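We count residues from 1, following the sequence as given. Worth saying up front: this structure is predicted, and the values here are computed from it rather than measured.
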Amino acid sequence: MNYGRKIIKNCLKILSWLCVAGPGVLICVPPLLLFCGSLADEIEWGQRIAPLLKNNQEYIEWKWIPDYPTLGNYKELLFYAPDFLVLFWNSVKTAAYILGGQFLVDVPAAWAFAVYRFRGKQFLFSVYVILMLLPFQSTMLAKYLVLNGMGFIDTGRAVILPAIFSTFPVFLIYRGFRTIPQELFEAARTDGAGEFEIFFRIGMPLAEGSITAAFVLSFFEIWNMVEEPLAFLKNISLWPLSLYLSQIGPGQAGRACAASVITLAVSLFVFGMFRDSLEQGIISSGLKL
């Protein structure tokens, strides 16, 4: 009897492991395919996708390990493709400007919603939440008309300014500030601390996890944005790196894979640097992944 229970227990353990590991393996397959594809040269890629280019009924050949692995695609992108470097630095500058603007705008806004009482607070915060839930398509026309009236269309400001006033960082940071006991602020005021001192010396240090989580998630959104640049930027030289693949032809599959790997590597690097802060910030904010 005990032997049978042991078998059932082991089977359940294996099943639970498969339920966890299976989706993880599936998630890792696309990045691995991209990385392996980035190591194949254009000649090998031409042989692989020849059926696709000739539009016949044959299957595309795929090999996990290229016959002659090479880093030529990465060398070409990093040293002989100025268009790639322009778009890469466009993404870096856009992310820096937006995150800097969000620090100046969203953090004080979240602090005001979390700490102070004023007329219309609940209504205004509800509007923030509703705007956070609206997809870009529903607000695209209104944004375009406003930005066009301001003369910002086809400039970097058309992408940067709307993102600075994004509502999601406010909501996430707000939840972090709300976890701080209000009695702590009252005690600081009793001791003679000013509002700015309370904000910088108490609020921000104690909500550091939520602030970091908000900015890391914002970075991922900024780094991968596609719709906003397509809608507001006509000049290709102003595009971010996320739109680089649209400029690659069908005969440059290896180069496309290498560009995708580099784009993904930046996100993985940021995630690896701030992983602990991201997890702690999301937990302290009361949100679920």
Taking the six-membered ring for Trp, are Tyr174 and Phe125 closer than 6.0 Å centroid to centroid? yes
When rounded to the nearest 0.5 angstrom, what distance separates NZ in Lys75 from CZ in Phe79? 8.0 Å
Side chain of Asp191, backbone of Ala193: donor and acceptor closer than 3.5 Å? no
Do Leu268 and Val266 sit in the same hydrophobic cluster, where Ile, Leu, Val, Met, Phe, Trp and Tyr count as joined when their side-chain heavy atoms come under 4.5 Å apart? no
Please determine whether the number of non-hydrogen atoms from other residues, nucleotides or ligands lying under 6.0 Å from atom NZ of Lys121 exceeds 12. yes
When you compare the side chain of Glu227 with that of Gln137, does any pair of heavy atoms fall below 4.5 Å? yes
With a 4.5 Å heavy-atom cut-off, do Leu238 and Val159 have their side chains touching? no
Minimal heavy-atom distance between Val226 and Pro229, with the atoms involved, is O-CD, 3.3 Å
Among Glu195, Glu183, Glu197, find the residue that satisfies the salt bridge (Lys or Arg N to Asp or Glu O under 4.0 Å) test when tested with Arg189. Glu195
Has the side chain of Ser242 got a donor or acceptor atom that lies under 3.5 Å from a matching backbone atom of Met225? yes
Tell me if the OH atom of Tyr116 is crowded by more than 12 foreign heavy atoms within 6.0 Å. yes
Under 3.5 Å, is there a donor-acceptor pair between the side chain of Gln102 and the main chain of Ala163? yes
Are Phe269 and Leu264 joined in one hydrophobic group, where the rule is that I, L, V, M, F, W and Y side chains link up if heavy atoms are under 4.5 Å apart? no
With rounding to the nearest 0.5 angstrom, report the CG to CZ distance, Leu133 to Phe168. 10.5 Å
From CG (Asp106) to CG (Leu99), nearest 0.5 Å: 10.0 Å
Could you point out which residue of Phe200, Phe185, Phe103 forms a ring-ring contact (aromatic ring centres under 6.0 Å, His included) with Trp111? Phe185
With a 3.5 Å distance limit and no angle check, can you tell me whether Asn148 reaches the backbone of Tyr144 through a side-chain donor-acceptor pair? no
Can you tell if the side chain of Tyr244 reaches within under 4.5 Å of the side chain of Leu77, non-hydrogen atoms only? yes
For the pair Asp83 and Arg255, find out whether any cationic side-chain nitrogen is under 4.0 Å from an anionic carboxylate oxygen. yes
Audit row: Val115, Ile198, side chain to side chain contact (heavy atoms under 4.5 Å, CB included) steps and yes/no: CA-CA 11 Å; Val115 176; Ile198 294 174; over 6 Å; no
For residues Asn90 and Leu241, determine if any side-chain heavy atom of one lies less than 4.5 Å from a side-chain heavy atom of the other. no
Are Trp239 and Leu230 close enough, and set up right, to give a side chain to side chain contact (heavy atoms under 4.5 Å, CB included), and what steps lead you there? CA-CA 8 Å; Trp239 281 6; Leu230 278 177; 4.2 Å; yes
Could you tell me whether Phe35 atom CZ has more than 12 heavy atoms of other residues or ligands within 6.0 Å of it? no
Got a second to check how far Leu134's CG is from Thr139's OG1, nearest 0.5 Å? 6.5 Å
Taking every non-hydrogen atom, the tightest pair across Asn73 and Ser38: ND2-O, 2.8 Å
Once the angle between the rings of Trp223 and Phe88 is folded into 0 to 90°, is it parallel (under 30°), tilted (30 to 60°) or perpendicular (over 60°)? perpendicular
Taking Phe215's backbone N and O only, do any of them form a donor-acceptor pair with Ser218's side chain (distance below 3.5 Å, no angle check)? no
If you take all heavy atoms of Val170 and Ala110, which pair is closest and at what distance? O-CB, 3.5 Å
Mind checking whether Glu76 and Phe84 have side chains closer than 4.5 Å, heavy atoms only? no
A side-chain contact here means heavy atoms from C-beta on lying under 4.5 Å apart; do Phe177 and Phe199 qualify? yes
Closest heavy-atom contact between Leu172 and Leu217? CD2-CD1, 4.0 Å
Which heavy atom of Leu147 sits nearest to which heavy atom of Ala158, and what is that distance? CD1-O, 3.4 Å
CZ of Phe219 to OG of Ser91: how many Å apart, nearest 0.5 Å? 8.5 Å
dist Leu184:CG -> Leu206:CG (nearest 0.5 Å) comes out at 6.5 Å
Under a single-linkage definition using a 4.5 Å side-chain heavy-atom cutoff for Ile, Leu, Val, Met, Phe, Trp and Tyr, are Phe136 and Leu141 assigned to the same hydrophobic cluster? no
For Thr70 and Leu39, what are the C-alpha separation, side-chain angles and deciding distance, and is it a side chain to side chain contact (heavy atoms under 4.5 Å, CB included)? CA-CA 5 Å; Thr70 178; Leu39 299 179; 5.9 Å; no
Closest heavy-atom contact between Ser210 and Ile173? O-CG1, 4.2 Å
Check the orientation of Phe113 and Phe118. Use parallel for under 30°, tilted for 30 to 60°, and perpendicular for over 60°. tilted
Would a single hydrophobic cluster contain both Ile153 and Leu145, if residues Ile, Leu, Val, Met, Phe, Trp and Tyr are joined by side-chain heavy-atom contacts under 4.5 Å? no
